[in-house]
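Before any comments, here is the structure.
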Amino acid sequence: MTAAENVCYTLINVTSDSEPPSEVSLKTDLEKGEIKAKTEALKKVIIMILNGEKLPGLLMTIIRFVLPLQDHTIKKLLLVFWEIVPKTTPDGKLLQEMILVCDAYRKDLQHPNEFIRGSTLRFLCKLKEPELLEPLMPAIRACLEHRHSYVRRNAVLAIYTIYRNFDNLIPDAPELIHDFLVNEKDASCKRNAFMMLIHADQDRALDYLSTCIDQVHTFGDILQLVIVELIYKVCHANPSERARFIRCIYNLLQSSSPAVKYEAAGTLVTLSSAPTAIKAAAQCYIDLIIKESDNNVKLIVLDRLIELKEHPTHERVLQDLVMDILRVLSTPDLEVRKKTLQLALDLVSSRNVEELVIVLKKEVIKTNNVSEHEDTDKYRQLLVRTLHSCSVRFPDMAANVIPVLMEFLSDTNEAAAADVLEFVREAIQRFDNLRPLVIEKMLEVFHAIKTVKIYRGALWILGEYCSTKEDIQSVMTEVRRSLGEIPIVENEIKKETGEVKPEDEVSAAPAQKLVTEMGTYVTQSALSSSRPSKKEEDRPPLRGFLMDGDFYVAACLATTLTKVALRYVDIVQDKKRQNSFVAEAMLIMVTVLHLGKSSLPKKPITDDDVDRISLCLKVLSERSPLMNDIFNKECRKSLSHMLTVRLEEEKLSQKKESEKRNVTVQADDPISFMQLTAKNEMTSKEDQFQLSLLAAMGNTQRKEAADPLASKLNKVTQLTGFSDPVYAEAYVHVNQYDIVLDVLVVNQTSDTLQNCTLELATLGDLKLVEKPSPLTLAPHDFANIKANVKVASTENGIIFGNIVYDVSGAASDRNCVVLSDIHIDIMDYIQPASCTDAEFRQMWAEFEWENKVTVNTNIVDLNDYLQHILKSTNMKCLTPEKALSGFCGFMAANLYARSIFGEDALANVSIEKPIHLGPEAPVTGHIRIRAKSQGMALSLGDKINLSQKKANI
């Protein structure tokens, strides 16, 4: 085992700028200095030994002058010193001086102070020399009967580690600890003793547990956690024991400790799949989420609930708990609410959808006029989307939801209002019976809409679905109300010149008497004070949009008026009324055109909007059947087709999800008998405690691909040449937030290399955690050095460095071998993700970093190139397959991915096939990448550049 792989017990912070002291000055301080000087000198000795210095001459000095001292700080430092100092000669025999040290520690184990006894026992857990431990065994046993719990619990730990490493020193340890456990009253001592029995003698642990199984709920939480672990391990190894312990686990679900409840619920789910067990565990998880204040805990426990839902049989049990899950919405954190709503939506069924909608409606009303929390708007948006999904899946609910949601069309938050509008549009198209209700509510809130985007959508809905004479006249009334007096230009000029219309005149109010600074009275008329108060905000909403220069809404208004006028002509037979209505619609369009051409608006009307309004005027003047058909039938067909396609896509994705979750068993599949299954084949029965420990240590066993190129060998990087005196290669193991470099160093010379050190540096958002320890390499020997690098963001990083060493016996300076650079691939941190088109457009507008990559490839097919880019960048294509199918010579697609650090990456692929260059001509075009950080945009661009050149199709 190399120095870098030795188990580390003690971490010591060292200031890098301190000068290393000489051995002579340290010896003087240790021999003749005061307590304070000796303490400082001992600290320096420890740091020097940690840095690779040997200092053999100081060993006897410390034994003679420092070991006999009774100062607690020095005793604590000495424990660290004896832990790290070499205790054996080069041939592996114990140093003679260590006998004196052993005697000193025997005295410390009998010291009247409990702290010295306890800390000495903790130190003995770290010793790996049985010759040192053997004389101390009687003293360690005696500490089990000490009056203080600190000494007793450390004595148990010392006995456990000694038994685990050298069981011949204390062969009766399990029996000794079992007797100790029966008589012990302190919780921490019982926990340590019980933990030892679990690992050393499980049968004795079970015997003890069976004697006190009814009192488990009265134990301390630290002991309860260990009991849960034991029950899990026993039932995992021997499933027939489940019935014996399941009642105990049920009792532990009522524990006062959240940690015990969490572990007990997790264990219960693995031990039993009975509906009562699943329900009890899920209820326990929900209580934990509600009662725990830490949002991270809430998210972790929510993930466990989501895992439960993935199992088809468990899902039915969880469906009954939807209302309990919705209690979690009381948490203010948006991420928790988002996961909760998604879980509730996945679990909702026809039995509980009504209750779910009632709760969500209450939550929506709560968010109204609440602006103290920054996430309120986003939460409202989430609620609207959830209600939307409920109404689509359960159409009977739509009638209850629409009246509440339509109040939010007048909301200042455009995102939530846009979601409501999208929902209303889908509802009015799908559910004919709701149309009168939607039209009525829309006309009620129409005048209060504040944002132009929502106004345009509301106009479209009213124009498309108003079919009765009364509704059409109401639309015209609302439009006139929203536009103000027409013609607009004349009205605005009159306002500018101060000609006040009769309705704006201020009624004769009593003249006010004001007092000036000098004390004299002045009279102020009511009329003169009313003029400056007439602000732009007093304008009707539609006129306000037009005066701001937003004439796209005017084009939408023209289309709406054309639709309702053509429909009015079909409904009403009276020619006079027909002409009157059409003339009014044309007058509104003309006055808007006039306004656009004048200099009054902030921005003039665009040519596109002029063309659109002119076309609508022409359609109304001619009234041809073809145009009537296009305006009143084709538009609705397009919407219907779009909604049908979207519904098909949702059903397809749901079907894929359900297929993933359904466990299909073939008729000829072999039957697995647990008794006949080899241990390495029990894949579905992995030890959860062991898995979580491995995950925490970053040693998760990933399933390697069958292709040998995709295995570990593919990640080995050669760092030096074969002819270099020192050959090095590194295996780059990427965990979530750190990178482990496992470097193999081979001495290719016939000399002994001393102080062989791997020196590394990083470029980019990488940080080296610790400096690798120096090694001594025998001739033609090899060793492994591990180095940890922390990663802070998704960016291409480079690790570079060299290996320096001294040749034994040579007088020359240190030798140096420069290493090749290790490039860290960002693809390990990027994962495909999905978002809505609206979110994609919003992020595209917000992200400031853009990288434009020119397509330079030898791929000749557009779809093949897109698939190749998706594969090499880990991004997901948001553009539906139907939009990409067929061949028309060009292709545009939106891609999206998210890093494990929560960074978003967007890409737009615009490519074409130059047909005039022949069928074998390669694809051309551009890929535009946008990201919030510069590193992400540049790194993704580099990745695309590298991968598109490598492709061989």
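Throughout, numbering of the chain's residues begins at 1 and tracks the sequence. A quick note: this is a predicted structure, and the numbers were derived from the prediction, not measured.
- Formation of a donor-acceptor pair under 3.5 Å by the Asp806 side chain with backbone atoms of Asn755 is not found in this model.
- Between Asn747 and Pro779 the shortest heavy-atom distance is ND2-CA, 3.6 Å.
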Donor-acceptor pairs are to be reported for all side-chain atoms of residues 154-163 against protein atoms at under 3.5 Å, with residues two or more places apart or in another chain.
unit_1, atom_1, unit_2, atom_2, d
Asn154, OD1, Arg122, NH1, 3.4
Asn154, ND2, Tyr150, O, 2.9
Thr161, OG1, Leu157, O, 3.1
Thr161, OG1, Ala158, O, 3.0

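- Closest of all the heavy-atom pairs between Met196 and Pro174 is CE-N, 4.2 Å.
- Contact of the Val45 side chain with the Phe81 side chain is registered, since non-hydrogen atoms from C-beta on lie closer than 4.5 Å.
- Put simply, the side chain of Ile739 reaches to within 4.5 Å of the side chain of Val732, judged on heavy atoms.
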side-chain contact (heavy atoms from CB on, under 4.5 Å) between Leu253 and Lys261, intermediate numbers included: CA-CA 5 Å; Leu253 288 179; Lys261 287 169 80 171; 5.6 Å; no

Residues Lys75, Ser119; criterion side-chain contact (heavy atoms from CB on, under 4.5 Å); working and verdict: CA-CA 9 Å; Lys75 281 197 172 289; Ser119 52; over 6 Å; no

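- Scanning both residues, Arg153 and Asn192, for their nearest heavy atoms gives O-ND2, 3.2 Å.
- In this structure, Arg247 satisfies the cation-pi test against Tyr250, with its NZ or CZ atom closer than 6.0 Å to the six-membered ring centre and inside 45 degrees of the ring normal.
- Ser255 and Gln224 form a side-chain donor-acceptor contact under 3.5 Å, judged by distance and modelled atom types alone.
- Leu744 is not listed as a side-chain neighbour of Tyr731, based on a closest heavy-atom distance of 4.5 Å or more.
- Shortest non-hydrogen contact noted between Cys756 and Tyr805 is CA-CB, 3.9 Å.
- For Glu134, the CD atom sits in a loose shell: 12 or fewer heavy atoms of surrounding residues, nucleotides or ligands are nearer than 6.0 Å.
- Nearest heavy atoms, Ser188 versus Ile222: CA-CD1, 3.6 Å.
- Between Leu181 and Tyr208, the shortest heavy-atom distance links the atoms CD2-CD2, 3.5 Å.
- No side-chain donor-acceptor contact under 3.5 Å links Tyr285 to the backbone of Asp303.
- Ion pairing between a basic and an acidic side chain is recognised when a charged N comes within 4.0 Å of a carboxylate O; Glu292 and Lys298 show no such pairing.
- Salt bridge Lys107/Asp103: present, at least one basic N to carboxylate O contact under 4.0 Å.
- Of the charged side-chain nitrogens involved, at least one lies within less than 4.0 Å of a carboxylate oxygen, so that Glu83 and Lys126 count as a salt-bridged pair.
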Working for side-chain contact (heavy atoms from CB on, under 4.5 Å), residues Leu78 and Trp82: CA-CA 6 Å; Leu78 279 171; Trp82 295 122; 4.0 Å; yes

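- A salt bridge is defined here as a Lys NZ or Arg NE, NH1 or NH2 lying under 4.0 Å from an Asp or Glu carboxylate O, and Arg204 with Asp207 fails to meet this definition.
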Residue pair Leu132, Leu136: steps toward the side-chain contact (heavy atoms from CB on, under 4.5 Å) verdict: CA-CA 7 Å; Leu132 282 175; Leu136 303 174; 5.8 Å; no

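- Arg141 is listed as a side-chain neighbour of Asp172, based on a closest heavy-atom distance under 4.5 Å.
- Without hydrogens or angle criteria, Arg117 side chain to Leu109 main chain gives a donor-acceptor distance under 3.5 Å.
- With a 4.5 Å cut-off on side-chain heavy atoms, His72 and Asn113 count as touching.
- Using a 4.5 Å cut-off on side-chain heavy atoms (C-beta onward), Leu777 and Phe782 make no contact.
- Here Lys36 does not pair with Asp71 in a salt bridge; the nearest charged N to carboxylate O distance is not below 4.0 Å.
- Other residues, nucleotides and ligands contribute more than 12 heavy atoms inside 6.0 Å of the CZ atom of Arg164.
- Electrostatic pairing of Glu145 and Arg152 does not count as a salt bridge here, judged by no charged N lying under 4.0 Å from a carboxylate O.
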